[in-house]
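Right, one structure below, let's go through it.
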There are 2 protein chains.
Amino acid sequence: VRLDDTDDGFGHAHLPWGSCLLPGADAPALCTRVGDRVVDVAGAARAGLVPAWLAGPSVDVLLARRAADWGSARVAVHQLVVGDVPDRLVHDLADVVELLPFTVADYVDFYASEAHATNVGRLFRPDDDPLPAHWKHLPMGYHGRSGTVVVSSTDVVRPHGIRGADDVGPSERLDVELELGWVVGGPPTRLGRPVPIDAVEDHVLGVLLLDDWSARDLQAFEYRPLGPFLGKSFATSVAAWVTPMEALQDARVAPPAQRDPVPPDHLQGVADFGLDLDLELALSTPRMRAQGLHPHVVSRANAGRGLYWTIAQQLAHLTSNGATLRPGDLGGTGTISEVGEASAGSLLELSHDGSVPLELPTGERRTFLEDGDEAVLRGRSTDGSVTLAPVVGRVAPRA
Amino acid sequence: VRLDDTDDGFGHAHLPWGSCLLPGADAPALCTRVGDRVVDVAGAARAGLVPAWLAGPSVDVLLARRAADWGSARVAVHQLVVGDVPDRLVHDLADVVELLPFTVADYVDFYASEAHATNVGRLFRPDDDPLPAHWKHLPMGYHGRSGTVVVSSTDVVRPHGIRGADDVGPSERLDVELELGWVVGGPPTRLGRPVPIDAVEDHVLGVLLLDDWSARDLQAFEYRPLGPFLGKSFATSVAAWVTPMEALQDARVAPPAQRDPVPPDHLQGVADFGLDLDLELALSTPRMRAQGLHPHVVSRANAGRGLYWTIAQQLAHLTSNGATLRPGDLGGTGTISEVGEASAGSLLELSHDGSVPLELPTGERRTFLEDGDEAVLRGRSTDGSVTLAPVVGRVAPRA
């Protein structure tokens with residue numbers, strides 16, 4: 001079968017990596033996609049059409065190899081998809097089950113968007129400076145729960161917890177966070193040996209959209225002084241497809257100027273870059289779906305403009321104390337917001353802490369998420385050449 | 001060979017689980033120990049002397065099974081070691097390499113000792129109430145880096161980082177934290193289904209000593225508002241042997257009274273318990289070792305008296321929002337301190353934030369750790385019947 005190039009951002013120049021359960025298969029397979037067609041890369045490897053080591057269940061087989069192998073795998077898969085692909089290796093996206101694309105080792109979430117950190121500071125700590133005192137000295141981050149990272153389309157069960165003193169129950173302030181995730185591969189690094197910022201391409205296979213679901217009431221009650229815990233750990237959704245860094249060469253832009261203060265040496269790269277990706281957050285409610293309405297876009301933000309700290313800076317900082325990287329480590333940028341209305345990546349910000357409801361096409365209003373609501377994250381390079389696979393999550397009540 | 005019962009706390013009633021590289025072997029083996037003799041449990045399984053499923057490299061094979069199997073495995077291994085054990089299954093502890101006993105999934109560190117939280121609050125936030133406002137409403141915790149959990153005897157490379165504005169370099173305030181870790185096993189739980197507090201014994205295989213190394217200067221600069229990150233993530237040391245909860249039946253004591261406030265329902269167990277374990281922190285310096293001196297005990301604390309929140313409460317709280325457990329999840333209690341001098345589990349507390357040096361037998365003084373210093377954690381049930389395997393770590397400069 002011929003897989004013609006497409007203009008939906010999943011054309012021959014993208015070739016994201018994923019893990020799918022294919023029709024009739026009893027084990028997952030490493031796959032790529034062209035448009036809405038899924039190509040069985042593991043099957044192609046077993047048939048000798050691409051390198052044999054790609055015959056695995058997931059992106060884990062790539063993450064276990066060096067970056068040079070990611071490139072050669074990409075070349076081989078490109079040659080496969082531009083030729084005549086055996087029928088049995090091609091499936092409709094609608095016929096496969098998209099799985100978590102890789103096994104998550106450690107998950108670290110950063111707080112790298114200045115507009116977001118400022119918005120949140122203003123709401124959570126109204127008596128202090130909105131930006132935490134040391135925010136421009138280092139990319140702040142914390143470890144999240146890797147065991148609850150789930151793939152797009154997994155229902156998110158509303159968390160219960162301590163909303164205040166003598167107040168336990170389901171979260172009433174369930175929120176989303178629109179983020180970019182970055183996926184670490186390559187041999188494990190050595191304890192005590194930081195990764196230099198300019199080595200980012202040896203260690204980051206690619207990026208994907210990430211929804212860092214957040215229960216604002218639980219978070220606000222628990223977070224001092226140890227940071228986010230149960231307000232975040234109930235679920236983090238990632239897209240089913242990892243977009244290779246190589247596919248985003250044309251989306252690179254200059255990183256933001258950082259002068260006050262100038263960051264320490266280990267955070268200054270000679271070729272650092274931002275990513276010119278337009279992101280959006282959309283919501284749908286059960287009533288909207290019953291009326292056949294598409295998810296309604298409530299916010300748009302650009303990753304290049306929204307992020308003060310780059311992915312390379314996040315990676316370098318993470319290892320600057322000597323901590324190791326392992327294949328499967330997942331970074332999140334933190335919520336990506338820009339300054340201005342309708343350009344923040346969380347409902348906390350968009351609703352001004354619940355005080356200004358968003359209007360939906362049905363006339364419904366939302367501050368935070370209600371059961372049955374669905375949040376959709378989408379992203380695309382501004383030139384339209386690469387679409388990031390979406391993250392979709394629907395809120396379910398606890399059983 | 002006959003393995004007589006011992007009175008060193010590693011007798012027939014203890015039987016901890018570990019993973020060792022045995023002499024002449026090319027792969028690790030699940031082991032237990034009696035005194036200073038290591039028994040090759042995996043080899044015994046292959047020989048049909050204990051259940052076949054114990055023929056694995058590490059405690060992972062136990063963690064993958066239900067709690068009932070932990071009990072039957074313990075009975076079988078007990079029968080083995082009280083009989084005539086084949087020579088080839090027994091090795092001297094000095095001849096084996098002790099490895100990380102299990103594969104760490106997620107690692108969560110709590111802050112469960114009231115004396116510790118009070119001491120730290122007084123030092124880090126002198127203008128506020130020493131105990132964080134909501135500390136008695138819930139067991140506070142945060143996720144740590146599971147990829148840098150290392151086994152006892154692994155050198156700890158001094159972390160570098162941002163010690164202050166325009167001040168980057170090796171940590172000058174490198175500290176230890178004396179903790180108990182608890183190890184999760186059993187089938188993964190389901191998203192959105194909290195684990196009830198009284199089910200703790202179905203989910204916790206055992207405990208082990210844990211040293212949550214901390215760089216106080218990096219921690220102080222980075223921790224607001226997201227909590228500990230690089231100040232902790234460079235290394236966490238655990239003992240090489242997991243002490244089964246079953247071996248600590250006689251060490252159970254009533255948990256502390258919790259009345260102001262009474263905790264929420266999910267933190268109230270009908271049979272909750274503390275552990276009557278005497279713990280100690282000892283230091284040795286290169287000069288002490290050159291003079292043949294043993295590590296010098298600088299602090300003693302009892303886990304039962306030192307912990308306000310029990311292990312069962314920590315576990316229940318961790319899942320109360322619907323987060324899952326996976327085999328290999330590791331909890332830490334947080335530093336265990338009691339009120340009073342020489343009874344705190346960190347140098348931060350013992351040295352009053354570096355202002356009161358500790359005196360060592362050589363006449364040397366220490367506030368925080370210097371290169372070459374070794375920290376030793378030890379623990380024992382107060383009746384002397386069970387000794388926890390020690391955690392030893394020596395500070396190395398960055399290469």
Side-chain angles (χ1 to χ4, degrees), chain A residues 105-106 108 111 121 124-125 132-134 137-138 140-148 150 154 157-162 165-166 168 188 191-194 215 218 221-231 233-235 261 264-266 317-318 320-326 329 396 398-399, chain B residues 105-106 108 111 121 124-125 132-134 137-138 140-148 150 154 157-162 165-166 168 188 191-194 215 218 221-231 233-235 261 264-266 317-318 320-326 329 396 398-399:
Chain A
D106 273 302
V108 171
Y111 196 47
F124 268 42
R125 294 172 290 277
H134 301 155
H137 291 261
L138 48 80
M140 292 186 168
Y142 67 97
H143 284 85
R145 189 163 187 82
S146 49
T148 51
V150 297
T154 307
V157 180
R158 181 179 298 274
H160 288 221
I162 304 179
D166 297 316
V168 177
L191 259 181
R193 296 283 181 88
L218 313 192
F221 192 76
E222 75 179 357
Y223 89 101
R224 292 177 205 243
L226 299 184
F229 183 37
L230 299 190
S233 65
F234 57 95
D265 290 349
H266 75 275
H317 190 59
L318 167 59
S320 63
N321 65 346
T324 47
L325 296 177
R326 289 181 293 171
D329 282 344
R398 181 179 284 186
Chain B
D106 273 301
V108 170
Y111 196 46
F124 267 43
R125 294 172 291 277
H134 301 154
H137 291 261
L138 47 81
M140 293 185 167
Y142 67 97
H143 284 85
R145 189 162 186 80
S146 49
T148 51
V150 297
T154 306
V157 180
R158 181 179 297 277
H160 288 221
I162 304 178
D166 296 318
V168 177
L191 259 182
R193 298 283 181 89
L218 314 191
F221 192 75
E222 75 180 355
Y223 88 101
R224 291 178 206 245
L226 298 184
F229 183 37
L230 299 191
S233 66
F234 57 95
D265 290 349
H266 74 275
H317 189 59
L318 167 59
S320 63
N321 65 346
T324 47
L325 296 177
R326 289 181 294 171
D329 282 345
R398 181 179 283 186

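Each chain gets a letter, A, B and so on, in the order the sequences are listed, and its residues count up from 1.
For the pair B/L318/B/L325, a side-chain contact is recorded, criterion being any heavy-atom separation below 4.5 Å from C-beta on. Taking the side chain as every heavy atom from C-beta outward, A/H134 and B/E222 never approach each other to under 4.5 Å. Side-chain atoms of B/L226 and B/Y142, non-hydrogen and from C-beta on, never get closer than 4.5 Å to each other. In this structure, the side chains of A/P264 and B/V168 come closer than 4.5 Å at one or more pairs of heavy atoms. Contact annotation: the side chain of B/H143 approaches that of A/F229 to within less than 4.5 Å [non-hydrogen atoms, C-beta and beyond]. You'll find the side chain of A/P159 reaches within 4.5 Å of the side chain of A/L218, heavy atoms only. Put simply, the side chain of B/L191 reaches to within 4.5 Å of the side chain of A/V150, judged on heavy atoms.
Both the backbone and the side chain of A/H317 come within less than 4.5 Å of a heavy atom of chain B. Residue B/R145 touches chain A through both its backbone and its side chain, counting heavy-atom pairs closer than 4.5 Å. When heavy atoms are compared at a cutoff of 4.5 Å, B/P194 approaches chain A solely by way of its side chain, counted from C-beta outward. Proximity to chain A is limited to the side chain of B/I162, based on heavy atoms less than 4.5 angstrom apart. Residue contact with chain A, scored on non-hydrogen atoms closer than 4.5 Å, involves the side chain of B/A399 exclusively. Contact of A/D329 with chain B is made through the side chain alone, with heavy-atom distances under 4.5 Å. Contact annotation for A/P225: both backbone and side-chain heavy atoms come within less than 4.5 Å of a heavy atom of chain B.
When B/S146, B/P132, B/G161 are compared by the number of non-hydrogen pairs under 4.5 Å with chain A, B/S146 comes out ahead. With respect to chain A, the highest number of heavy-atom pairs below 4.5 Å among B/G227, B/G322, B/A133, B/A215 belongs to B/G227. Ranked by heavy-atom pairs under 4.5 Å with chain B, the list A/R125, A/H137, A/H266 is led by A/H137. Comparing A/G192, A/G141, A/A105 by heavy-atom pairs within less than 4.5 Å of chain B, the highest count is held by A/G141. Of the listed residues (B/Y111, B/Y223, B/F221), the one with the most heavy-atom contacts under 4.5 Å to chain A is B/F221. With chain A as partner, the option from B/R326, B/R224, B/R158 having the largest number of non-hydrogen pairs under 4.5 angstrom is B/R326.
In the model, A/N321 has a side-chain atom that pairs as donor or acceptor with a side-chain atom of B/S233 under 3.5 Å.
Counting non-hydrogen atoms of other residues, nucleotides and ligands closer than 6.0 Å to CZ of B/R193 gives a total of 12 or fewer.
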